[in-house]
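Naming convention: chains lettered A, B, ... in sequence-line order (proteins, then strands); numbering from 1 in each chain.
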Amino acid sequence: MNEPIKITLPDGSVRELPAGTTGLELAESIGRGLARAAVGIRVDGVVQGLQIPLGSDCRIEIVKRDSEEGLEILRHSAAHVMADAVKRLRPGAKLWKGPAIHDPRYGFYYDIDLGDRPLAQEDLPEIERLMGEIVGKDLPFVREELDRDRATALMRAHGEDYKLATISKIPAGDTISFYRSGDFVDLCKGPHVPSTGRIGKGFAVLSLAGAYFENDASKAMLTRIYGHAFADEKAMAQHRHWLDEAKKRDHRRLGVDLDLFSTMGELGAGLVLWHPKGGFVRHKIEEFWRQEHLAGGYDIVYSPHIARADLWRTSGHLEFYKDSMFKGLDVDGADYLLKPMNCPFHVQIYKSRRRSYRDLPFRWAELGTVYRYEDAGALHGLMRVRGFTQDDAHLFVRPDQLESEIERVLHFILHILRAFGFSEFEMNLSTRPAKYVGHLADWERAENALRIALEKLALPFQVDAGGGAFYGPKIDVKIKDCLGRSWQCSTLQLDFNLPERFDLEFVDAQGGRTRPYMLHRALLGSLERFFGVLIEHHGGAFPMWLAPVQAVVLSVGDRHAEFARRVAAELVEQGLRVVADVSAEKVGAKVRHHLFEEKVPMVAVAGDAELASGSLAVRDRKSGDIGTLTVAEFGQRLRTLTAARG
RNA sequence: GCUAGCGUAGCUCAACGGUAGAGCACCUGAUUUGUAAUCAGGUGGUUGAGGGUUCGAUUCCCUCCGCUAGCUCCA
């Protein structure tokens, strides 16, 4: 019998068990329910597999399958089982790697080289079925540690070329471990569930894609198979429901259904047509944006879509972003380029005359349409396009104004985003990368100013050390939509490059020349993209202030048509967006069409009773029947909701 | 750009070597309707484009364009 060891449980109680007891045996000794839910064990803070024997006194915590770490173990183990299933289906398949991932959409994947026998979407159910068989056999996951030579020999024997590459990258002295489940063996650090049965029934094989070996576009393209696994079938079903919900809110779908916008091959990929309804929403967004900017101390500027190549040479864009700029236009023998950014123009406005310290800061904003040659494969609906309008602004500030201007911009960003119904944000500070321009002292000061501004906001933020652009540090703001997905929209960036390249200066109080700090910022980012996010967030049902049609007056029969038209016209005269539907349809069909297909916020029925009393029977898309309102009350209600931006 | 897949009427889909069909939408007519689909009739497609194989191509092959899922990229 082994020496007893002392095991401290999370509640502080201590158990004595023989050394060599496995985590699973320990869990069983605590309780059967716990043992059933266990997928791993945290030993002195480190998560490991339940099959590993405990060697000495330790503090432990059982990792349950529905915890974040538990799910990771579950998903990672499911990835192994999936690879096992794929190898049964395609015996020559070579594995690369198959981790669990943190993404609301996917749980795990495995990158596999299938040679000349690729898998198709139709093969996924078969993979899932084979996984079910392997889970049903409840094969134990057995950990093996091998020295480098044996490890290499084992993988060579299995024809796992990619694993050989991985082994060669494992530093000398590190443990090389494998996990076996039945005949399947995989190079893997672990941890894994004790046996395949523990994966349970809450898993699915979801999709196929390509992925480069070692994430390098110059290397072989492997097949990536995505799957998901949850603690139980119910959670898996909920996830499927989430996927359905996301599909229903897809802005590309809603763009067609609600006639908001289109992109079509006839124009060229990644170019957007805003239809009247989408155009109206954009008009409202822009109207609000201009109003807030003017109130917020900005001046509005405009700049052209093209400029001489020289400008882009001076700015450095041609040097750094040539591949993503559209090819030049020949204008009377001179080379002109479509603008990928607005900043050089704003810089030129700055340079158009001598600037005094008394006039700074300048805050110049523009809804500037830019063109970027994005990779064809990167294009996606409105989210990633080749022509889009940035809600751009550039600030030229005196050194002593830097901190206060940064703070001001951050407040402004949140103010604007909140107006669109977003309330959750993720802030990210990106600092100096290895390759940078400008002076170290400027970088440090700027990073400090950004950090302090973030701290003052009292919103949590992440630091991406070294993640800044070569020309300056930045803060990015992501918004969370109603499905919990985050979208990067706002950005605030310092620029130490352009002021230098264009030799910007102002006359300071001593009559000397001083270089201003330059800040770029965008709030919505791209109007196209923001519109896409807005469509998905609201599921196409825009809030009253943005809705292209705010209400429809429905006549019950022909004798109410004139009344319905008159009421609609009256409300339109009051500045509301109301139309009458006097078609020969039943009321039910009209309600269905306007409220649920067109997603109009309100309908108002005009029948005999309403005609007699000059009122309307109002129904709200969200809250249902509101009752009878006079025409004046109805108009007032619409106005109130519009003003509330609700 | 890369890998895989897809492209048939405005939308959703059928036909898969033998000159293209349904539902919805749209138009017309009937119905006069009270809160999630009234009925009938009709219009509508050189099957993304071009080339090839074939007696014959929406169907098979090639190129291009576009789209989708990822990967790479994203000032």
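- Comparing B/G10 with B/G48, their P atoms are spaced 12 Å from each other, to the whole Å.
- If you measure from atom CG of A/L258 to atom C1' of B/A25, you get 14 Å, rounded to the nearest angstrom.
- Per the geometry, CZ belonging to A/F261 stands 12 Å off P belonging to B/C67, to the nearest Å.
- For RNA chain B, the neighbouring residues in residues 377-385 of chain A, judged by any heavy atom under 4.0 Å, are A/G377, A/A378, A/L379, A/H380, A/G381, A/R384.
- Taking the C1' atom of each, B/G45 and B/C13 are spaced 15 Å apart, rounded to whole Å.
- Residue-level contact check: A/R372 touches the bases, meaning some heavy atom is under 4.0 Å from a base atom.
- At the heavy-atom level, A/R621 lies nowhere under 4.0 Å from the strands shown.
- With the nearest nucleotide of RNA chain B identified for both A/D250 and A/D375, A/D375 has the one nearer the 5' end.
- Among the heavy atoms of the strands, none lies under 4.0 Å from A/F320.
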Legend entry - Working for salt bridge (charged side-chain N to carboxylate O under 4.0 Å, His left out), residues A/R88 and A/E126: CA-CA 11 Å; A/R88 288 173 194 220; A/E126 179 60 8; over 6 Å; no
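- Here B/U33 is the nucleotide among B/G66, B/A69, B/U33 with the atom lying nearest to any side-chain atom of A/V587.
- Comparing the same atom, P, in B/C39 and in B/G44 gives a spacing of 24 Å after rounding to whole Å.
- A/Q488 comes within 4.0 angstrom of nothing in the nucleic acid, heavy atoms only.
- The side chain of A/R224 lies closest to B/C71, out of B/C71, B/A69, B/U31.
- Between the side chains of A/H346 and A/S303, not a single donor N or O lies within less than 3.5 Å of an accepting N or O.
- Relative to the ring axis of A/F634, A/R637 does not place its NZ or CZ within 45° and under 6.0 Å from the centre.
- Contacts of A/A469 with the nucleic acid, taken as non-hydrogen atoms under 4.0 Å apart, are absent.
- Side-chain contact check for A/D113 and A/W96: no donor-acceptor pair (N or O, by modelled atom type) lies under 3.5 Å.
- No hydrogens or angles considered: a donor-acceptor pair under 3.5 Å links the side chains of A/D608 and A/H560.
- The A/A609 side chain lies nearest to B/G34 when the options are B/G66, B/G34, B/G70.
- Atom OH of A/Y110 and atom C1' of B/G70 are 18 Å apart (whole Å).
- For the P atom pair drawn from B/G18 and B/U63, the interatomic distance equals 25 Å after rounding to whole Å.
- The base of B/G1 has none of its N or O atoms less than 3.5 Å from a complementary donor or acceptor on the side chain of A/E374.
- Contacts of A/R619 with the nucleic acid, taken as non-hydrogen atoms under 4.0 Å apart, include base atoms.
- Of the candidates B/U35, B/U3, B/U32, B/U3 carries the atom nearest the A/M221 side chain, counting heavy atoms from C-beta on.
- Comparing B/U35, B/A75, B/C11 by their nearest atom to the side chain of A/M341 picks out B/A75.
- Counted by atom type alone, A/Y517 and A/D495 present zero donor-acceptor pairs between their side chains at under 3.5 Å.
- Checking each of A/V549, A/L258, A/D257 against A/K599 for a side chain to side chain contact (heavy atoms under 4.5 Å, CB included) leaves exactly one that passes, namely A/L258.
- Heavy atoms of A/Y109 sit nowhere under 4.0 angstrom from any nucleic acid atom.
- At a threshold of 4.0 angstrom between heavy atoms, the contacts of A/N215 are confined to the sugar-phosphate backbone, with no base atom among them.
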Inset, instruction - Could you summarise the pairing of RNA chain B as dot-bracket text, marking Watson-Crick and G-U pairs under 3.5 Å with ( ) or [ ] inside the strand and | across strands? - result: (((((((..((((....[..)))).(((((.......))))).....(((((..]....))))))))))))....
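- For the pair A/H275 NE2 and B/G10 P, the computed distance is 14 Å after rounding to whole Å.
- With no hydrogens or angles considered, no side-chain donor-acceptor pair links A/S583 and A/E585 at under 3.5 Å.
- No donor-acceptor pair under 3.5 Å is formed between the side chain of A/E366 and the backbone N or O of A/Y302.
- Phosphate proximity of B/G70 to A/Y106: present, with a side-chain N or O under 4.0 Å from OP1 or OP2.
- Backbone-only contact: A/Y471 has heavy atoms under 4.0 Å from sugar-phosphate atoms and none from a base.
- As judged by a 4.0 angstrom heavy-atom cut-off over every strand, A/E585 is placed among the base-contacting residues.
- At the phosphate of B/U68, neither OP1 nor OP2 sits under 4.0 Å from any side-chain N or O atom of A/R253.
- Across all their heavy atoms, A/L337 and A/F326 have their closest contact at CD2-O, 3.6 Å.
- At the heavy-atom level, A/A120 lies nowhere under 4.0 Å from the strands shown.
- Comparing A/E597 and A/G607 by the nucleotide of RNA chain B whose heavy atom lies nearest to each, the residue mapping closer to the 5' end is A/G607.
- When distances run from any side-chain atom of A/K586 to the nucleotides B/G34, B/C67, B/U38, the shortest one goes to B/U38.
- Here A/F596 packs flat against the base of B/A36; its ring centre is closer than 5.5 angstrom to the base's six-membered ring, tilted by less than 30 degrees.
- Distance noted for atom C1' between B/G56 and B/U3: 36 Å (whole Å).
- Checking A/T628 against A/E610 by side-chain atom types alone, no donor-acceptor pair falls below 3.5 Å.
- Protein atom NE2 of A/H593 is 17 Å distant from nucleotide atom C1' of B/U33, rounded to whole Å.
- Remark: C1' of B/C74 and NE2 of A/H317 are 13 Å apart, rounded to the nearest angstrom.
- When heavy atoms are screened at a 4.0 angstrom cut-off, A/T263 is found touching no nucleic acid atom at all.
- A/Y212 contributes no side-chain N or O that forms a donor-acceptor pair with the base of B/G70 under 3.5 Å.
- When the nucleotides B/A75, B/C2, B/G1 are ranked by their closest atom to the side chain of A/A376, B/G1 comes out on top.
- For A/N428 and B/C74, the CG to C1' distance is 15 Å, given to the nearest whole Å.
- Side chains of A/N342 and A/D392: a donor-acceptor N/O pair is present below 3.5 angstrom, by distance only.
- Rounded to a whole Å, the CZ atom of A/R386 is 7 Å from the P atom of B/G1.
- Between the side chain of A/R75 and the backbone N or O of A/A100 there is no donor-acceptor pair closer than 3.5 Å.
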